[in-house]
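Below is one structure; the comments refer to it alone.
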There are 2 protein chains.
Amino acid sequence: MKDFHPTGTCPIRDILCRLGDKWSMLVMITLNTNGTMRFSDIQKTISDISQRMLTVTLRTLETDGLVSRTVYAEVPPRVEYQLTETGKTLMPHIENLVGWALEHMTDIFDNRKKTERQQPA
Amino acid sequence: MKDFHPTGTCPIRDILCRLGDKWSMLVMITLNTNGTMRFSDIQKTISDISQRMLTVTLRTLETDGLVSRTVYAEVPPRVEYQLTETGKTLMPHIENLVGWALEHMTDIFDNRKKTERQQPA
DNA sequence: CAGAATCCTCGCCGATACTG
DNA sequence: CAGTATCGGCGAGGATTCTG
């Protein structure tokens, strides 16, 4: 726990980096809140995600086994996403993190403003 | 909790994005494990971080009030870093996340390999 | 509706050189 | 020792277009 290895060989870094990307956590929180969702519903909920990035993010989460994807052979096509069991086990930790962020964001923003003033124009 | 706002206006996203950058969590884990550390000691522990990125990361964490920086007026200069009280309150959540990553990384890597094979050349 | 493919931009981050 | 300054690549991610 004292030393850390480069990304390629350190599983902890590898996994934390995935969660740290721009949309993964947001998508998982959305799925956890709303349960099973269609592609377009997710996009509506996270209004400023691009179609491309939603696709990429969902594929990555699926590859990692955190989200499952179900295609219904209909016209027009319907695809539904939901958290897997593994994905669900991650959610309490994410929620704790969100809770912490909510609790401390005032302090953090105050601190940023304070230190900003110390940098003269 | 159901809808999310664009980055600039959503404090949760703002803060989670900071933690999601390449080095912040790693630096905080290092400081939490070893207590007060000098700049060069942190760099030795996280062997593949560049000098520039360590400086930038520490400055950001300082601006957010998660890490404190103490300069000793000596020659050669000595600068020590440690987690603030606010920073310490974040650590249990990080550790939970790391714990989860350790617990599930085998499943995740297995899943990745499985789905990789489904993509033909 | 749910994507695949392409192009392009922007900013993260690393390497290097210099300083108090 | 602990930075700052500058340059440059490279890849994440956005906009757009096309399809089953």
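Looking at heavy-atom distances under 4.0 Å, A:Y72 makes no contact with the nucleic acid at all. Within the nucleic acid shown, B:E74 has no heavy atom closer than 4.0 Å to any nucleic acid atom.
The side chain of B:R69 lies closest to D:dA2 when the candidates are C:dC13, D:dC1, D:dA2. Distances from the side chain of A:M53 to the nucleotides D:dG13, D:dC1, C:dA2 place D:dG13 closest.
One interatomic measurement links the two molecules: CD of A:Q43 to C1' of D:dG14, which rounds to 12 Å at whole-angstrom precision. Distance A:D41 CG to C:dG3 P: 12 Å, rounded to the nearest Å. Whole-Å rounding puts the B:W23 CH2 to C:dG11 C1' distance at 17 Å.
Distances shown here put a side-chain N or O of B:R38 below 4.0 Å from the OP1 or OP2 atom of D:dA2. Regarding contacts with the backbone of C:dC13, every side-chain N or O of B:S50 stays at 4.0 angstrom or more from both OP1 and OP2. The shortest distance between the side-chain N/O atoms of A:Y81 and the OP1/OP2 oxygens of C:dC1 is not below 4.0 Å.
For the side-chain contact (heavy atoms from CB on, under 4.5 Å) test with A:F39, the passing option among A:K44, A:Q51, A:R78 is A:Q51; the others fail.
For A:N111 and B:E62, the side-chain atoms include no donor-acceptor pair closer than 3.5 Å.
Judged by closest nucleotide on DNA chain C, A:V71 is the one of A:R52 and A:V71 placed further toward the 5' end.
A donor-acceptor contact shorter than 3.5 Å is absent between the side chain of B:T57 and the backbone of B:L54.
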